[in-house]
*Asks:* 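First, the structure itself, so that you have it in front of you.
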2 protein chains.
Amino acid sequence: MPAASALRKFATSFSDEPMGPLSSEVQQLGEFLHVPVGEIAKFHSSEKPLIVFVASGAVKLTAQVGLDREQIIAFGFREEMIALSENSRVPYELQALTACKIVGCSLAELAKTLTKDEYCAERLITQLLSALEDSRERLVLLGRMTAQERVASFLLDLTERIAAIKNGIAVIELPMSRREIADTVGLTIETVSRQLSQLREHGILQTNGRSELVILDLDQLRRLASRSK
Amino acid sequence: MPAASALRKFATSFSDEPMGPLSSEVQQLGEFLHVPVGEIAKFHSSEKPLIVFVASGAVKLTAQVGLDREQIIAFGFREEMIALSENSRVPYELQALTACKIVGCSLAELAKTLTKDEYCAERLITQLLSALEDSRERLVLLGRMTAQERVASFLLDLTERIAAIKNGIAVIELPMSRREIADTVGLTIETVSRQLSQLREHGILQTNGRSELVILDLDQLRRLASRSK
DNA sequence: CGCTTTATTGAACCTCTTCAATAGTAGTGG
DNA sequence: CCACTACTATTGAAGAGGTTCAATAAAGCG
């Protein structure tokens, strides 16, 4: 059964195991899309996708609230999965931060194989739980953290997910604007900017241009992220 | 297969279908607990539960952050399910707001039957998605709403979930304190109190004692909940 | 190289918090 | 059943953190 083995491969990436370049098999499992920068991902299948695998590039999942305000729900970076949830009052959008390749897989597609493959079933659940966990951690951030803690936490998260380690120090190539950072941590771009400046002044990080961040003092950053008062 | 049919019954409550009094079958499926007011639910099974069904009473799921600050992640009321997520940095607690009966079911227990019962599989996923959706909607609330919008949204949510309709108007018997409301919507108890007073002054609701709320103008409340500026 | 967009910085303002005092509620024992 | 007590909620005034508005600086792009 080729489909099942493809799903298994697909499922491998549900959790922490690394996955190589996207195989043609995996591409066939769900709907494959190539999304240019700034574009909103539109899947054409009858059923909306439940899980999206980001093969390359970066995407943001946003909730449109009111006319001008948007809240970023989650980011999906290279080789990460992002869970959608379509039965909602708020309209969601999946938008490309950089040109990216993504695969969307619907609940129906997944459920079919779910009953046949216990491994896949657990992986899918693991993935949903991980999305749930992410979201709940962000509740704490948005509900109970100061601006400094928010920005520090955000940077730590990015460090773990997309930082390149050069000569022992973490370098982050930001795929998002200040506005998008602000919309993620529930602040204004001005406050985000001020917090970054402060971190720069304290020698915790360096900036090159608007998108390169060099984290100089990771320990200090961790300290700021959790309890500063 | 009695276990599978019990799970099916259990699973029925995953979504929107109503479920009668807790059958003995369902009790056997997971670990059954009777938790007194204020106590923290402690399951004794080797595997931590993934899904908890609240047969009666009300519980809160909290994340402990720092020494004094707590963030309420979710409430579980009578006949609702609440999804846990244990693989986390933050310590979570499930605490009884009122004396309650709950059933905890672990991933392993669920996964076993998952492969055998497609219906159950979809239900479980639906439940996890619903928890995810809840959490994401609260991200918007905490990230982008004013105090007034937060309190109004909170009350609307409660109205849909636990309000008793008496003579055409909604009456809410609050199972939580002002502190718990504050910890849910990311405000202080003082601000929550002030917002309630304001709603009272505007004739939108009435209060009797500290726990009874009578919603007089639901439309107005809805208006305040989404876009007030 | 100039133009547009995005980011940074400054100052005034506002919302929510903090601190403090009062009022109300519920629980206990006489 | 009422008084006493402890806790919870409400209200007020001052303060702080973050927002808003405005101006400047820096990046990126044609």
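Numbered from 1 within each chain, the chains take letters A, B, ... in sequence-line order.
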*Asks:* Which sits closer to the 5' end of DNA chain D, A:V192 or B:V192, going by the nucleotide each is nearest to?
*Replies:* B:V192

*Asks:* Answer yes or no: side-chain N or O of B:Q148 and base N or O of C:dC16 forming a donor-acceptor pair under 3.5 Å.
*Replies:* no

*Asks:* Please tell me if the side chains of B:F32 and B:K101 come closer than 4.5 Å, counting only heavy atoms from C-beta onward.
*Replies:* yes

*Asks:* Can you confirm whether more than 12 heavy atoms, excluding those of B:H34, are under 6.0 Å from its NE2 atom?
*Replies:* yes

*Asks:* Between the base of C:dC16 and the side chain of B:Q195, is there a donor-acceptor distance below 3.5 Å?
*Replies:* no

*Asks:* What I want to find out is whether A:D134 reaches A:R138 closely enough, with some N-O distance under 4.0 Å, to be called a salt bridge.
*Replies:* no

*Asks:* Mind checking if A:S193 touches a base, just sugar-phosphate, or nothing, with heavy atoms under 4.0 Å?
*Replies:* base

*Asks:* Under 4.0 Å, heavy atoms only, any strand: does A:R200 hit a base, just the sugar-phosphate, or nothing?
*Replies:* sugar-phosphate

*Asks:* Just call it for A:R210: base, sugar-phosphate, or nothing, with non-hydrogen atoms closer than 4.0 Å on any strand.
*Replies:* base

*Asks:* When you check the phosphate oxygens OP1 and OP2 of C:dT18, does a side-chain N or O of B:T188 lie under 4.0 Å from one of them?
*Replies:* no

*Asks:* Reading DNA chain C from 5' onward, which residue's closest nucleotide shows up sooner: A:M176 or A:R144?
*Replies:* A:M176

*Asks:* To the nearest Å, how far apart are B:E212 CD and C:dG24 P?
*Replies:* 18 Å

*Asks:* Would you kindly give the CG-to-P distance between B:L174 and C:dT25, to the nearest whole Å?
*Replies:* 14 Å

*Asks:* Taking atom types as they are modelled, is there a donor-acceptor pair under 3.5 Å from the base of D:dT20 to the side chain of A:R194?
*Replies:* yes

*Asks:* What nucleic acid atoms does A:T191 come within less than 4.0 Å of, heavy atoms only: base, sugar-phosphate, or nothing?
*Replies:* base

*Asks:* Mind checking whether B:M176 and B:T184 have side chains closer than 4.5 Å, heavy atoms only?
*Replies:* no

